[in-house]
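When a residue number appears, it is its place in the shown sequence, counting from 1. Counting starts at 1 for both ligands and their atoms, following the listed order.
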Amino acid sequence: TESSVKPRGALIVLEGLDRSGKSTQCAKLLSFLNGLGHPTELWRFPDRETSVGQMISAYLSNKSQLDDHTIHLLFSANRWEKRSLMEEKLKTGTTLIVDRYSYSGVAFSSAKGLDIEWCKAPEIGLLAPDSVLYLDISPERAAERGGYGDERYERVEFQKKVADFYQTLGDSSWKIINASDAMEEVEKKIQQVVLDQVKECTEGKPLSLLWS
Ligand code: NYM
Ligand code: MG
């Protein structure tokens, strides 16, 4: 039967420790997809532009102190405030590359000692990614990369705990990319995964919700 429904965009999430190369790879992926003529936008969480995002940014740069539960919920709220726009973009055919998402939210807060199920709860009902690409690097190796800035969480011991929680969260659908490989190698692997996923979405793969 004929259909006038526009093919939807794909929701592609990149996750990984700080200094794993996510932001660099997201930028490369954006120009790759745009170059192929796929309407694509690059988003990131936290989105520091909103008023919630500014509270998060102040917290991360140690300009404010917040209870661990409170900051967790702000990170989640920062995703909820973008949810309807996210759905609209996807449904009108724009692919979204997202630099960090709910998995960062749960992994970083659980690494502080918060209960993992409690951490997942506020993420329920957000849009589920079509692909999660995990840029896999050891915390030690990541720390060698030009060093960390002075934001909260940028310490090797803490990042080790975060890595453990990412491992708990990841399932067989995650694409694990060796982020210690050469940048071009990583770039090519990501491109393969994402092109397959964009095609599946074009062919009618339905959108689904977290947390399942
Ligand atoms: N982070 C990020 C969280 O703790 N929870 C979240 O929900 C998200 C999205 O913020 N160390 C942490 C991970 C990072 C920090 O992110 C800032 P970035 O990508 O460095 O701007
Ligand atoms: Mg960072």
Participant: If only side-chain N and O atoms count, and only distance matters, is there a donor-acceptor pair under 3.5 Å linking E151 with S61?
Facilitator: no
Participant: Ligand 1: which residues have a non-hydrogen atom closer than 4.0 Å?
Facilitator: D18, R44, F45, P46, R48, L60, F75, R79, R100, S104, G105, F108, Y153
Participant: Output side-chain donor-acceptor pairs under 3.5 Å for residues 126-139, partner residues at least two apart or in another chain, one line each.
Facilitator:
residue	atom	partner	partner atom	Å
D130	OD1	R8	NH2	2.8
D130	OD1	K205	NZ	3.1
D130	OD2	R8	NH1	2.9
D130	OD2	L11	N	2.8
S131	OG	Q197	NE2	3.2
S138	OG	R141	N	3.1

Participant: Which residues end up grouped with L73 if you chain together Ile, Leu, Val, Met, Phe, Trp and Tyr wherever their side-chain heavy atoms are less than 4.5 Å apart?
Facilitator: L114, W118
Participant: So does D181 pair up with K189, basic N to acidic O under 4.0 Å?
Facilitator: yes
Participant: Looking at K161 and E157, does any basic side-chain N land under 4.0 Å from a carboxylate oxygen?
Facilitator: no
Participant: Would you name the heavy atoms of M183 and Q25 that are closest together and state the gap between them?
Facilitator: O-NE2, 3.2 Å
Participant: May I ask you to list the protein N, O or S atoms found at less than 2.8 Å from the Mg ion (ligand 2)?
Facilitator: D18 OD1
Participant: Sort out for me which residue in Y101, Y153, F75 forms a ring pair (Phe, Tyr, Trp, His ring centres under 6.0 Å) with F108.
Facilitator: Y153
Participant: May I ask you to check if R19 and Y148 form a cation-pi contact, with NZ or CZ under 6.0 angstrom from the six-membered ring centre and within 45° of the axis?
Facilitator: no
Participant: Can a side-chain donor-acceptor contact be found between N78 and T50 if the only test is distance below 3.5 angstrom?
Facilitator: yes
